[in-house]
Amino acid sequence: MTVFNERDLVALTVPIPLAEAGHVPEDSLLRKSGNYEEGLLPGDVGTIVDACGGGEAFTVEFLEPDGCLIALPTVYSTQIRPATKVDLANDRFWHRARI
């Protein structure tokens with residue numbers, strides 16, 4: 001079992017529908033583009049900002065390259081894994097220019 005800590009970079013292992021993505025600002029890429037209506041996807045990279053329930057769940061912050069918030073869901077430890085260099089290189093939010 002992987003132990004996660006605040007500030008760890010993690011990648012999702014399961015999709016998180018938009019309705020379950022926690023705080024999603026109105027100007028978030030998830031709301032602005034039809035390509036993102038499905039919500040967060042496996043492989044999306046975020047940073048743990050809070051641990052809940054003794055490390056069973058975490059609040060994970062997903063950001064655009066300019067620091068704008070995409071989503072702030074709470075996920076279970078079974079829904080994330082440590083992010084790899086491949087995840088970072090392929091992160092779909094970092095490859096999208098802000099419109």
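Note that the structure is predicted; figures quoted are calculated from it, not measured. When reading the values below, keep in mind they use all heavy atoms of this one structure, side chains included, and skip hydrogens, waters and symmetry mates.
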Requested in this report: Might you point out which heavy atoms bring Leu40 and Ala71 nearest each other, and give the distance in Å?
Outcome: CD1-CB, 4.1 Å

Report summary line: In short, salt bridge (Lys or Arg N to Asp or Glu O under 4.0 Å) pairs touching residues 67-81 with sequence neighbours left out are Arg81-Asp87

Query raised in the report: Do the side chains of Asn5 and Ile48 get nearer than 4.5 Å, heavy atoms only?
Result: no

Requested in this report: Under the ring-ring contact (aromatic ring centres under 6.0 Å, His included) rule, collect the residues that match up with Phe58, sequence neighbours excluded.
Outcome: Phe4

Query raised in the report: Between atom CG of Leu41 and atom OG1 of Thr13, what is the distance when rounded to the nearest 0.5 Å?
Result: 12.0 Å

Query raised in the report: What distance do Asp66 atom CG and Phe93 atom CZ have between them, rounded to the nearest 0.5 Å?
Result: 13.0 Å

**Report entry** Set of residues satisfying side-chain contact (heavy atoms from CB on, under 4.5 Å) with respect to Glu20, sequence neighbours excluded
**Finding:** Ile16, Pro17

Requested in this report: State, yes or no, whether a side-chain contact exists between Val45 and Val10 at a heavy-atom distance under 4.5 Å.
Outcome: no

Query - Listed once per pair and sorted, the salt bridge (Lys or Arg N to Asp or Glu O under 4.0 Å) pairs that draw on residues 3-16, sequence neighbours left out - result: none

Query raised in the report: At what distance, to the nearest 0.5 angstrom, does OG1 of Thr59 lie from CG of Leu72?
Result: 6.0 Å

Query raised in the report: Does a side-chain heavy-atom distance below 4.5 Å link Ser28 with Phe62?
Result: no

**Report entry** Flag side-chain contact, heavy atom, 4.5 Å: Leu12 against Ile80
**Finding:** yes

Query raised in the report: For the hydrophobic clusters of this structure (ILVMFWY residues joined by side-chain heavy atoms under 4.5 Å, transitively), does one cluster hold both Val14 and Leu18?
Result: yes

Query raised in the report: Distance from Leu63 atom CG to Cys68 atom SG, nearest 0.5 Å?
Result: 8.5 Å

Query raised in the report: What residues, two or more places apart in sequence or in another chain, satisfy salt bridge (Lys or Arg N to Asp or Glu O under 4.0 Å) together with Glu26?
Result: Arg31

Query raised in the report: With Thr47, which residues qualify under side-chain hydrogen bond (donor to acceptor under 3.5 Å, both in side chains), at least two apart?
Result: none

**Report entry** salt bridge (Lys or Arg N to Asp or Glu O under 4.0 Å): pairs with one or both residues in residues 43-63, sequence neighbours excluded
**Finding:** Asp44-Arg92

